[in-house]
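Quick caveat, the model's predicted, so the values are computed rather than measured. One is the number of the first residue; the rest follow in order along the sequence.
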Amino acid sequence: MKKMFTLGLALLSIVAAAQNNGGISPEMLKEISKGWSGSSADKAIRNAIGTTPINTLAVNAENAAMIDTEFSDKVTIHGITDQKSSGRCWLFTGLNVLREAAIEKHGLGNFEFSQCYCFFWDQLEKSNLFLQGIIDTRDKPSDDREVDWLFEHPIGDGGTFTGVADLVSKYGLVPSDVMPETAAANSTAQMTGHLKTLLRQYGLELRGMAADAGKAKGKKAAELESRLQERKTQMLKDVYHILALCLGVPPSEFEWQDRTMTPLQFSQEMLETDLQGDYVMLMNDPAREYGKLYEIQYDRHMYDGQNWLYLNLPLDRIKEMAIASIKAGTAMYFSCDVGKYFDRSKGVLDLANYDYESLLGVKFTMDKKERVLTHASGSSHAMTLIAVDIKEGKPVKWMVENSWGPSSGYHGCLIMTDEWFNEYMFRLVVERRFVPEDLKPLLQQTPVLLPAWDPMFIAEE
């Protein structure tokens, strides 16, 4: 009995030691629980948070007045678009930039390119990108980081301006009334969800075909590649069928102003621009070295397209180009972390909108670099940069055209303070003509290839 008692004490000591080695011990919990003082202020805040959203309670009363809505420089826009319940902000934003140039050139009035047409080809191309990625990585183990990433991200409705450039260059454009929006386009979750499941299923099948063939070499390797490509084509026929059911069949030609045109002919006539050569992608990522060119693996919409390729620059250089473009009347593709300090009722992005620290009794001290590295912030939404307000030679606020409909925000637009711009702006696409001469040599660098899981991959929705 004495031995058993001694053994029991020893086991208790081991358990207690384990609890104190990284776990929450009773003593530690006693200290932690002092975080709740039970003061009258704590009780009042607890009662309020129990029935009211934190954002509502954190509204900064000292910043309640509406921001000044006058801007020193502004690009003319023609109507607010609406992406509805979809993650196609990148597509609406890219096409909004292109339509302004087309409207000015051709005097079209209130005109839109078909987002549904481009989205059809986007989903088909992304399906091929995934399936070909699976074929290319067939010799890697299933728990390889790249293979796992592919199965985690087989397809989505988010994207970047690179996708707009590649899709329009390959498939052209059509007016919105030629291929109008559908319910599945306006609310993409169900269609995309089923496509994800189907593509993952097909991905496993392709890997199984490769595994059954073993380490094929020479002629057998070529025969395996041929079988994989043939099966991939059949898989894409199923994807095409689903897309046609949900989005409609994209036209090979259509009538426009008493002429029969193909989508490529139409886009070439409307734009007269080299989407893949006339635009430069910029980024402000303080987690990476400035003055360098970067690209992100698989951050593209087409297998034979371009990865998102960007020049990483300090904010002052990016603002320099943004201001030059606005003054020239040219709107830009712009993306940011839109959910941070966003007052939806006013359509204002301002660091002073909310006082979370006073409400919650803690300090939030991470800077932009730290937020990027810890996945606390990243580029989440694309809009069209159209205005800047300059006072005493410096920008004090900016305006973007959004794609959430005319009744959202400030007449369909959002206004951001320059301080907010500094913290949560990430990407900007400018025409090459606005790039200063001293920066152009940087665009000739061999880009640094970043993995698909880099924090900057986050697709804009």
Trainee: Quick test of your reading of the model: are Arg300 and Glu125 salt-bridged, counting only N-O distances below 4.0 Å?
Mentor: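 Result for this pair is no, no salt bridge flagged.
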Trainee: With sequence neighbours left out, write down each residue that passes side-chain contact (heavy atoms from CB on, under 4.5 Å) with Thr446, or none if nothing qualifies.
Mentor: none
Trainee: Identify the heavy atoms of Leu351 and Tyr341 that sit nearest to each other, and give their distance.
Mentor: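 Smallest heavy-atom distance, with atoms named: O-CD2, 3.6 Å.
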Trainee: Please say whether more than 12 non-hydrogen atoms of neighbouring residues, nucleotides or ligands are located less than 6.0 Å from CD in Gln201.
Mentor: yes
Trainee: List the atom of Val75, the atom of Gly329, and the distance in Å for their closest heavy-atom pair.
Mentor: CG1-O, 3.5 Å
Trainee: From Leu167 CG over to Cys118 SG, what is the distance, rounded to the nearest 0.5 angstrom?
Mentor: 6.5 Å
Trainee: Passes side-chain contact (heavy atoms from CB on, under 4.5 Å), Val164 versus His301? Steps please.
Mentor: CA-CA 9 Å; Val164 178; His301 294 237; over 6 Å; no
Trainee: Lys319 and Asn422: side-chain hydrogen bond (donor to acceptor under 3.5 Å, both in side chains), yes or no, with the steps?
Mentor: CA-CA 10 Å; Lys319 290 179 184 180; Asn422 292 342; 2.6 Å; yes
Trainee: Please assess His78 against Glu100 for the test side-chain hydrogen bond (donor to acceptor under 3.5 Å, both in side chains), listing each intermediate value before the final yes or no.
Mentor: CA-CA 7 Å; His78 298 82; Glu100 293 303 332; 2.8 Å; yes
Trainee: Phe254 and Phe266: aromatic ring centres closer than 6.0 Å?
Mentor: yes
Trainee: Could you give me the CA-CA distance, side-chain angles and deciding distance for Thr260 and Glu255, then say whether side-chain hydrogen bond (donor to acceptor under 3.5 Å, both in side chains) is met?
Mentor: CA-CA 5 Å; Thr260 300; Glu255 296 296 319; 2.4 Å; yes
Trainee: Using a 6.0 Å distance limit plus a 45 degree cone around the ring axis, check whether Arg88 lies over the aromatic ring of Phe119.
Mentor: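 Because its charged atom sits under 6.0 Å from the ring centre and within 45° of the axis, Arg88 does stack over Phe119.
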Trainee: I would like to know whether Thr417 and Ile67 meet side-chain contact (heavy atoms from CB on, under 4.5 Å); could you show each step before the answer?
Mentor: CA-CA 9 Å; Thr417 64; Ile67 196 169; 3.9 Å; yes
Trainee: Looking just at side-chain N and O atoms, do Tyr310 and Glu295 make a donor-acceptor pair shorter than 3.5 Å?
Mentor: no
Trainee: State whether a side-chain donor-acceptor pair under 3.5 Å links His381 with Asp337.
Mentor: no
Trainee: Quick check against the 3.5 Å criterion: does Lys105 have a side-chain atom that pairs as donor or acceptor with the backbone of Glu269?
Mentor: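 Pair found, side chain donor or acceptor close to backbone of Glu269.
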Trainee: Taking all atoms of both residues into account, what is the closest heavy-atom pair of Gly94 and Phe161, and its distance?
Mentor: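 Closest approach of Gly94 to Phe161, heavy atoms only: CA-CD1, 4.3 Å.
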Trainee: To the nearest 0.5 angstrom, please state how far the NZ atom of Lys363 sits from the OH atom of Tyr356.
Mentor: 15.5 Å
Trainee: Does Leu108 reach the side chain of Met270, with side-chain heavy atoms less than 4.5 Å apart?
Mentor: yes
Trainee: Scan side-chain atoms only and decide if Asp42 and Ser37 contain a donor-acceptor pair under the 3.5 Å cut-off.
Mentor: yes
Trainee: Within 45° of the axis and under 6.0 Å from the centre of the six-membered ring of Phe426, does NZ or CZ of Lys368 qualify?
Mentor: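 Yes, Lys368 and Phe426 form such a contact.
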Trainee: So Leu198 and His194, do their side chains get closer than 4.5 Å, heavy atoms only?
Mentor: no
Trainee: Count the heavy atoms belonging to other residues, nucleotides or ligands that lie under 6.0 Å from NZ of Lys440, then report whether that count exceeds 12.
Mentor: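 For Lys440, atom NZ is crowded (more than 12 foreign heavy atoms under 6.0 Å).
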Trainee: If only side-chain N and O atoms count, and only distance matters, is there a donor-acceptor pair under 3.5 Å linking Ser403 with Gln83?
Mentor: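 A donor-acceptor contact under 3.5 Å links the two side chains.
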Trainee: Does a salt bridge link Arg433 with Asp278, judged by any charged N lying under 4.0 Å from a carboxylate O?
Mentor: no
Trainee: Indicate yes or no: does Lys394 engage Asp418 in a salt bridge with an N to O separation below 4.0 Å.
Mentor: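 Answer for the salt bridge query: no.
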Trainee: Determine yes or no for a side-chain-to-main-chain donor-acceptor pair under 3.5 angstrom, with Thr374 supplying the side chain and Glu370 the backbone.
Mentor: yes
Trainee: Leu95 versus Leu173: any side-chain heavy-atom pair under 4.5 Å?
Mentor: yes
Trainee: As an exercise, state the distance from CZ of Arg200 to CG of Leu150, rounded to the nearest 0.5 Å.
Mentor: 11.0 Å
Trainee: Side chains of Asp350 and Asp343: closer than 4.5 Å at any heavy-atom pair?
Mentor: no
Trainee: Tell me whether Lys170 is salt-bridged to Asp166, with the criterion being a basic N under 4.0 Å from an acidic carboxylate O.
Mentor: no
Trainee: Step by step, would you call Asn60 with Asn353 a side-chain hydrogen bond (donor to acceptor under 3.5 Å, both in side chains)?
Mentor: CA-CA 6 Å; Asn60 183 5; Asn353 276 342; over 6 Å; no
Trainee: Indicate, with yes or no, if the rings of Phe457 and Trp149 have centres closer together than 6.0 Å.
Mentor: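 Yes - the distance between ring centres of Phe457 and Trp149 falls below the 6.0 Å cut-off.
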Trainee: Does the ring center of His375 lie less than 6.0 Å from the ring center of Trp453?
Mentor: no
Trainee: Enter the distance from Leu315:CG to Asn284:CG here, rounded to the nearest 0.5 Å.
Mentor: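 Taking CG in Leu315 and CG in Asn284, the distance rounds to 3.5 Å.
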Trainee: Given side chains that start at C-beta, do those of Pro175 and Phe113 come closer than 4.5 Å, heavy atoms only?
Mentor: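 When only atoms from C-beta onward are counted, Phe113 and Pro175 do not touch, as no gap falls below 4.5 Å.
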Trainee: Heavy-atom distance under 4.5 Å between the side chains of Leu385 and Leu428, does that happen here?
Mentor: yes
Trainee: Determine the minimum heavy-atom distance between Tyr117 and Gly172, stating which atoms define it.
Mentor: CE2-O, 3.3 Å
Trainee: With no hydrogens and no angle check, do the side chains of Asn307 and Gln297 hold a donor and an acceptor under 3.5 Å apart?
Mentor: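 Checked: Asn307/Gln297 side chains show no N/O donor-acceptor pair below 3.5 Å.
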Trainee: Looking at Trp90, is its backbone amide N or carbonyl O close enough to the side chain of Thr93 to form a donor-acceptor pair, meaning the two atoms are under 3.5 Å apart?
Mentor: no
Trainee: For Trp420, does its backbone N or O pair with a side-chain atom of Lys340 as donor and acceptor, under 3.5 Å?
Mentor: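 Pair absent, no side-chain N/O of Lys340 close to backbone of Trp420.
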Trainee: Can any side-chain N or O of Gln123 pair as donor or acceptor with the backbone N or O of Gly156 at less than 3.5 Å?
Mentor: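 A pair under 3.5 Å: yes.
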Trainee: Where do Val388 and Phe71 land on the side-chain contact (heavy atoms from CB on, under 4.5 Å) test, with the steps shown first?
Mentor: CA-CA 6 Å; Val388 63; Phe71 287 83; 5.5 Å; no
Trainee: Test your reading of the model: is there a side-chain donor-acceptor pair from Asp299 to the backbone of Trp308, 3.5 Å cut-off?
Mentor: no
Trainee: Could you report the tightest heavy-atom contact between Gly291 and Gln445, atom names first, then the distance?
Mentor: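 Taking Gly291 first and Gln445 second, the nearest heavy atoms are O-NE2, 2.9 Å.
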Trainee: Using distance alone, with no hydrogens and no angle criterion, decide if Glu460 and Ser335 have a side-chain donor and acceptor under 3.5 Å apart.
Mentor: yes
Trainee: Would you call Arg317-Asp438 a salt bridge at under 4.0 Å N-O?
Mentor: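 A salt bridge is present here (some side-chain N lies under 4.0 Å from a carboxylate O).
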Trainee: Should Ile323 and Ile390 count as side-chain neighbours, where that means a heavy-atom distance under 4.5 Å?
Mentor: yes
Trainee: Give a yes or no on whether the ring-centroid distance for Tyr240 and Phe120 is below 6.0 angstrom.
Mentor: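 Yes - the distance between ring centres of Tyr240 and Phe120 falls below the 6.0 Å cut-off.
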Trainee: For the atom pair CE (Met283) and CE (Met425), what is the distance rounded to the nearest 0.5 Å?
Mentor: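 Met283 CE to Met425 CE: 8.5 Å, rounded to 0.5 Å.
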Trainee: Gln306 side chain to Gly163 main-chain N or O, any donor-acceptor pair under 3.5 Å?
Mentor: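 Checking the backbone N and O of Gly163 against the side chain of Gln306, no donor-acceptor pair under 3.5 Å is found.
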Trainee: For Tyr279 and Tyr333, I'd like to know if the aromatic rings sit close, meaning centre-to-centre distance below 6.0 Å.
Mentor: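 No - the distance between ring centres of Tyr279 and Tyr333 does not fall below the 6.0 Å cut-off.
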Trainee: Between Met332 and Ile386, is a side-chain contact (heavy atoms from CB on, under 4.5 Å) present by the stated rule, with each step listed?
Mentor: CA-CA 7 Å; Met332 290 155 285; Ile386 60 169; over 6 Å; no
Trainee: Looking at side-chain heavy atoms only, is the closest gap between Tyr202 and Leu131 below 4.5 Å?
Mentor: yes
Trainee: Can we say Arg145 and Asp148 salt-bridge, meaning some charged N sits less than 4.0 Å from an Asp/Glu carboxylate O?
Mentor: no
Trainee: Measure across Phe130 and Pro154 and return the closest heavy-atom pair with its distance rounded to 0.1 Å.
Mentor: CB-O, 3.3 Å
